[in-house]
2 protein chains.
Amino acid sequence: MELPVLPAAQPRERADAVANRQRILDAATRLFAERGVGCTSMDAIAAEAGVGKGTVFRRFGDRASLALAVLDASETVLQESLIRGPAPLGPGAPPAERLIAFGAAMLDRLEEHLEILRESELTSHGAYLRSSPYAVHRIHVRMLVAQARPDADADYLTDILLAPLSAVTFAEQRHTRGLSLDQLKAGYGDLVARLTRA
Amino acid sequence: MELPVLPAAQPRERADAVANRQRILDAATRLFAERGVGCTSMDAIAAEAGVGKGTVFRRFGDRASLALAVLDASETVLQESLIRGPAPLGPGAPPAERLIAFGAAMLDRLEEHLEILRESELTSHGAYLRSSPYAVHRIHVRMLVAQARPDADADYLTDILLAPLSAVTFAEQRHTRGLSLDQLKAGYGDLVARLTRA
DNA sequence: AGGTCATACCGGACCACGGTCCGCTTGTGC
DNA sequence: GCACAAGCGGACCGTGGTCCGGTATGACCT
């Protein structure tokens with residue numbers, strides 16, 4: 001027997017709207033992969049999805065949000081791992097270890113989805129720092145920081161630990177500077193170790 | 001008796017070009033201050049300077065670079081202080097102290113010119129990390145890091161120390177999060193201390 | 001001085017893109 | 001069926017950035 005996940009407060013979304021959302025996401029995913037994120041205009045996505053441009057913007061608001069929406073599935077998996085997954089990413093390990101595992105997971109994610117993540121940071125006029133995925137990451141890190149260093153300024157430390165995981169920074173380190181993924185993980189591990197020592 | 005500063009290798013810049021550059025910079029400075037950076041289009045700057053839009057773009061390349069050019073004088077002062085100014089910002093103090101002084105100077109600069117610095121970061125598609133002011137800051141920090149921690153991965157540590165001084169990060173901490181300038185300086189001081197300990 | 005020439009420079013028409021708007025259409029609950 | 005809001009789509013706007021035909025400038029020569 002199926003129970004509704006939540007008794008929807010709003011009148012339920014129309015069927016064609018749902019279908020269109022999916023078609024737009026599929027189109028975006030396909031075009032991003034085919035010709036690169038930077039070479040894919042919103043018009044092209046609308047055309048590929050067989051939908052008017054207005055529809056794209058109504059469903060997703062702007063380009064940055066559409067990019068994030070394309071990664072939503074992957075983001076959900078990550079969040080699930082943070083909350084209920086096995087240690088050290090999930091609960092059960094000491095905070096410093098969890099932070100290191102979080103950094104490694106984020107770096108893997110950046111390696112895999114760099115183009116799209118970068119796009120969402122660059123086109124959001126800085127608002128990605130207030131996007132919902134970022135907020136979740138922030139809460140997670142802040143909680144671990146507060147556990148590891150109850151004395152310190154948790155807000156500031158959280159920023160310090162999240163900044164090197166931004167897509168723009170990653171792209172620069174990885175591709176302009178030529179650092180390897182392992183170097184970045186090692187560096188981040190050191191950083192966490194130093195910042196969480198009493 | 002006047003000596004030419006440098007025996008210009010290129011044929012010297014035309015007088016009208018020089019005059020136009022200055023008029024554009026003045027116009028941009030004025031409009032940025034009057035109506036805010038975000039509300040000032042390149043067309044408006046060209047009009048205010050009494051110049052065609054093409055001229056603006058030829059002289060400055062793009063919006064991000066124009067923003068940086070507006071701050072050039074201030075940047076020059078800062079760089080001069082780093083190289084020849086009094087300790088601890090200039091030479092003579094231990095590296096850790098110089099790094100802290102550098103952070104404080106950068107934070108003051110952000111407090112004063114936030115709008116313009118933010119604009120140059122946001123509209124450069126991430127290329128501000130390869131701008132000449134950033135390159136100078138990077139070399140400076142990297143040198144100090146290498147002195148303080150000859151054993152460590154200087155490249156990575158340099159990124160870590162520069163990331164919290166970006167305009168986007170600063171804007172978020174200062175205005176969304178409501179941290180005070182002193183909190184940020186204190187936080188940065190702690191960061192440097194922890195990262196430079198042997 | 002005055003004239004001539006190559007060319008750096010100018011300016012505004014032009015383009016593509018992100019994003020908005022609003023009149024028409026279509027699905028849905030009654 | 002009916003009414004009505006949710007949804008649609010494409011014309012439209014302002015913007016950053018490019019391009020190229022025409023022009024003014026400064027070097028050189030006489």
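Excluded from the calculations below are hydrogen atoms, water molecules and symmetry mates; all remaining heavy atoms, backbone and side chain alike, are included. Quick caveat: nothing in here was measured; it's all calculated off a predicted structure. Lettering follows sequence order; numbering is per chain, from 1.
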Under 4.5 Å between any side-chain heavy atoms of [X] and [Y], yes or no?
X	Y	answer
B:Leu78	B:Met106	yes
B:Pro95	B:Thr196	no
B:Gln183	A:Tyr156	no
A:Asp159	B:Arg177	yes
B:Glu75	B:Val70	no
A:Leu25	A:Phe60	yes
B:Leu165	B:Tyr188	yes

_Contact letters for nucleotides 22-30 of chain C, in which S counts primed atoms plus P, OP1 and OP2 and B counts the base, heavy atoms under 4.0 Å_ = ----BSSS-

*Only counting residues at least two apart or in another chain, list the ones meeting salt bridge (charged side-chain N to carboxylate O under 4.0 Å, His left out) with B:Glu121.*
none

*Does A:Asp108 have any salt bridge (charged side-chain N to carboxylate O under 4.0 Å, His left out) partners at least two apart in sequence or in another chain, and if so, which?*
A:Lys185

_I need the residues from residues 25-47 of chain A with at least one non-hydrogen atom less than 4.0 Å from DNA chain C; give them sorted by number, or say none._
A:Ser41, A:Met42

*Given that B:Phe57 and A:Gly54 both sit by DNA chain D, which one's nearest nucleotide is further toward the 5' end?*
A:Gly54

*Counting any heavy atom closer than 4.0 Å, what does A:Arg59 reach on the DNA or RNA strands: base, sugar-phosphate only, or nothing?*
sugar-phosphate

_ring-ring contact (aromatic ring centres under 6.0 Å, His included) partners for B:His140, two or more places apart_ = B:Phe102

Could you tell me how far apart [X] ([atom1]) and [N] ([atom2]) are, to the nearest whole angstrom?
X	N	atom1	atom2	value
A:His125	C:dG18	NE2	P	11 Å
B:Phe60	C:dC9	CZ	P	13 Å
B:Lys53	D:dC20	NZ	C1'	16 Å
B:Arg21	C:dA8	CZ	P	16 Å

*Between C:dC10, C:dG19, D:dG17, spot the one nearest the side chain of B:Asn20, thanks.*
C:dC10

*Taking for each residue the nucleotide of DNA chain C bearing the nearest heavy atom, is the 5' side occupied by A:Asp62 or by B:Thr55?*
B:Thr55

*asked:* Is it the case that the side chain of B:Thr40 and the backbone of B:Gly36 share a donor-acceptor pair, with hydrogens and angles ignored and the cut-off at 3.5 Å?
replied: yes

*Considering only heavy atoms, which members of residues 127-135 of chain B lie under 4.0 Å from some atom of DNA chain D?*
none

